[in-house]
Each structure stands twice: as C-alpha cells, then as structure tokens.
2 protein chains.
Amino acid sequence: MKNIENEIDGKELKSKTEWFVTHCRRAGLKVTPQRIAVYQELLKTNEHPSAEILYQKVKQIFPSISLDTVNRTLVTLSEIGAAFVVEGSGDAKRYDAGSDKHQHFKCIKCRRIIDFHHKPFDDIKIPAYINDKFKVLRKTVYIEGICDLCDK
Amino acid sequence: MKNIENEIDGKELKSKTEWFVTHCRRAGLKVTPQRIAVYQELLKTNEHPSAEILYQKVKQIFPSISLDTVNRTLVTLSEIGAAFVVEGSGDAKRYDAGSDKHQHFKCIKCRRIIDFHHKPFDDIKIPAYINDKFKVLRKTVYIEGICDLCDK
DNA sequence: TTGGCAAATAGGAGCAGCTACTATATAGTA
DNA sequence: TACTATATAGTAGCTGCTCCTATTTGCCAA
Ligand SMILES: [Mn+2]
Ligand SMILES: [Mn+2]
Ligand SMILES: [Zn+2]
Ligand SMILES: [Zn+2]
C-alpha cells in the first residue's frame, strides 16, 4: 500500500502554487489573495474539507473573507481542474486538491474520507458500449464502511 | 450488455411488494399504505427519483401524503435494505430500489442517472489492507460524463 | 505610474432540501 | 372492539449553498 497520508511540504506547496498562478492566468482568471489562500489550505490537508471548514481556516489568516467567496472559489478550482468534489449524500460537499490518482474510503459514521491508492482501481476498463454511447469524463471507485476509529 | 432498462411488470411488482410486506413485519415496522405506495413508485421507475419526484407521483394516488413522510419512508427503506441512495453532489438525494447488481452512469449536464451492468465491476477485489483496517460495507463504481441526449 | 474597467469580493437575502416538532390518526394486538 | 405504540400531516426550523448589489481590486494600456 502506498501511503498517501503524509502532508505536503513547503517546497511542494510553493511549486503547486506557482502552477496554480500560471494556470489561473492562462484561464483568464485573476490571481487574488483569496484564491491563493483557499487553494493552499486545500493543498495542506488530506481531510477533504467542506467549504465551511476551509472558510474557518482561511479566516484565521484572512479575517474578512466571506463564505460565499470560498464557495465560489471552490467551484472555480473545480472548473480549472485544481480541485474536485468528493461525492457525498446529503452532507456538505467535500473537496480534494489531490493530483495523484487515488481512491476513497468513506466512513458512514464519522464521515471521514480516507485516501488510499490501489493500482488495479486505476486500471479498470470501461465497457465499450458505454464509451460508444456516452462521453466519459471520469470513473470513480470508492468503498464505504465503518472506519477503525468508529468500530469499537 | 445486459439491458436493465425495461420496466417492472405487474407480476414482479406484486411479488416484490409481498416481500416488502413480510420484510417490514419482520423488522417490526407497520405496513402502512404510504409505505407501500412510496416503495411501489420507486419500484416502477428506473429514473432514480428524488424524494420530491416520488412525492408528486404518490400524491396523485394518495393526495394527503406529506413530503416529510416520503423522506422518512425513504430513510426507512434504506435502513431495511429495500432501497438505497445513489450518491450525488449538491443536488437532492436520488433513490434506487433495484435489487440486481448494477452500476451507474451519471450525466453531469442533465443529471440523469442511467443503469448499466458490467460484470467485471461486480468482481473488483478490495485490497487486503482496507479489509484489515476497516469494516467494509459497500464498494461502488460509477462513471460520469455527458449522456447521448446532452452531447449534441 | 497611473487611470480605467472588467472581474472579484463582502455581506446579506433568498432558496432547496431536508429534519425536528407536535397534535392527530391508525396498524397491530389482546 | 379497545388499547397503545407507531406513523402521519402540517408546519417550523436548520444547513448548505446560490443569487444579488454595492464596493473593491487585479490587470492592462497609455
Ligand atoms: Mn482524496
Ligand atoms: Mn440504479
Ligand atoms: Zn469513522
Ligand atoms: Zn444528459
């Protein structure tokens, strides 16, 4: 098992931010401190935070930011491929800036979303009749259950 | 490809309802006309309706039913395994009474959820380190993209 | 460097989709 | 048939966005 739970280091944070800045410019988006802050907070965690959680974090270093800006920023990040939504049912949307291929285990009790990477899941083949009929953009595998902390 | 788009026939509706009734009794749940109606409407469609859609349908034959009852009933159905939620992001929960193994294609434009069945997706193996650490309840594979109707 | 402007933000109102509450009704049973 | 725990209808309340408007700001061009 490839452990992908280690946090991002300062060097990677910097290089990813640089990529993000050029990527924004290329997409005709302004590089605002709010956007940088939201993106960096998302990069720094592997807890798949909701907009509200990110809002609380960014507010500590940027007290005037609004929740709406965080939400809009997250939509923008998704559009340019700098983040994506991890699907959930009913609860708040959860975001991920992870660029490496990986999958998720979701605890139905505590709602934790835990990264793992299982190579065979990357390689599952989409049947031809789906590719012929639809324009496929993404395939997703996830596992649900009770996590180690909740199962006592 | 196994076509699973055909609608349920009267015979199957009846037998599934009978199963549902005994299953409710066994679980100590009362068999109310509202529960039967919601369950049957869910059986009759393969469009993965939201609570609101089901509410509109059931109301036609049961005008006094409340949206809350539909929502509560759907939670109950999920608890006893008579239905499940198809995950989505942000929108209303979508429900499925399908008992046969199958997967979903989700159109990101029109939000249609289309059934298909690809045997290899049933058989994907969960890595041992996940099974060892967590109690696995479900594994899910889905495909996202643009459906044939939206892609013009 | 500075000025103009389109894009972005802050703050708040509005809305959808549940979920909780309470009085009434009813399924299961004795 | 009568009793009681469960379920329902109607409504209020809550969460998580999304829309609206006035103000600010990043970016570009002069
Ligand atoms: Mn992840
Ligand atoms: Mn289905
Ligand atoms: Zn847990
Ligand atoms: Zn579509």
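Note on naming: letters A, B, ... go to the chains in the order of the sequence lines (proteins, then strands), and numbering restarts at 1 for each one.
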Within the structure, does a side-chain N or O atom of [X] lie under 4.0 Å from either OP1 or OP2 of [N]?
{"X": "B:Thr32", "N": "D:dT8", "answer": "yes"}
{"X": "A:Arg72", "N": "C:dT9", "answer": "yes"}
{"X": "A:Ser66", "N": "C:dT9", "answer": "no"}
{"X": "A:Arg25", "N": "D:dC27", "answer": "yes"}
{"X": "B:Ser64", "N": "D:dA9", "answer": "yes"}

Exercise. Hey, which of these two, B:Gly90 or B:Leu29, hits DNA chain C nearer its 5' end, going by closest nucleotide?
Worked result: B:Gly90
For this session: Report the residue (B:Asp68 or B:Gln34) whose heavy-atom-nearest nucleotide on DNA chain C is the more 5′ of the two.
Result: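 The residue whose closest nucleotide sits nearer the 5' end is B:Asp68.
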Exercise. Listed by chain and number, what are the side-chain hydrogen bond (donor to acceptor under 3.5 Å, both in side chains) partners of B:Thr22, not counting sequence neighbours?
Worked result: none
Seminar exercise, completed: side-chain hydrogen bond (donor to acceptor under 3.5 Å, both in side chains) filter on A:Thr45, not counting sequence neighbours, yields none
Problem set entry | Closest listed nucleotide, where the reference is the side chain of B:Ala92 and the choices are C:dA27, C:dC18, C:dT9 | C:dC18
Problem set entry | Closest nucleotide among C:dC18, D:dA9, C:dG28 to the B:Lys30 side chain |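 Looking only at side-chain atoms, B:Lys30 lies closest to C:dG28.
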For [X] and [N], give me the distance from atom [atom1] to atom [atom2], rounded to whole Å.
{"X": "A:Phe62", "N": "D:dT24", "atom1": "CZ", "atom2": "C1'", "value": "12 Å"}
{"X": "A:Leu67", "N": "C:dG14", "atom1": "CG", "atom2": "P", "value": "18 Å"}
{"X": "B:Glu52", "N": "C:dC18", "atom1": "CD", "atom2": "C1'", "value": "11 Å"}
{"X": "B:Ile53", "N": "C:dA16", "atom1": "CD1", "atom2": "P", "value": "14 Å"}
{"X": "A:Asn71", "N": "C:dT9", "atom1": "CG", "atom2": "P", "value": "12 Å"}
{"X": "B:Ile80", "N": "D:dA7", "atom1": "CD1", "atom2": "P", "value": "11 Å"}
{"X": "A:Asp91", "N": "C:dT19", "atom1": "CG", "atom2": "P", "value": "9 Å"}
{"X": "B:Glu87", "N": "C:dG17", "atom1": "CD", "atom2": "C1'", "value": "17 Å"}

Students often get this wrong, so: under 4.0 angstrom with heavy atoms, is [X] touching a base, only sugar-phosphate, or nothing?
{"X": "A:Ile65", "result": "sugar-phosphate"}
{"X": "B:Arg35", "result": "sugar-phosphate"}
{"X": "A:Pro33", "result": "sugar-phosphate"}

For this session: Assess whether atom NZ of A:Lys16 is packed by more than 12 heavy atoms of other residues, nucleotides or ligands within 6.0 Å.
Result: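 More than 12 within 6.0 Å, yes.
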Exercise. For B:Glu47, does the CD atom have more than 12 heavy-atom neighbours from other residues, nucleotides or ligands under 6.0 Å away?
Worked result: no
Exercise. So, B:Thr17 versus B:Gln40: side-chain donor-acceptor pair below 3.5 Å or not?
Worked result: yes
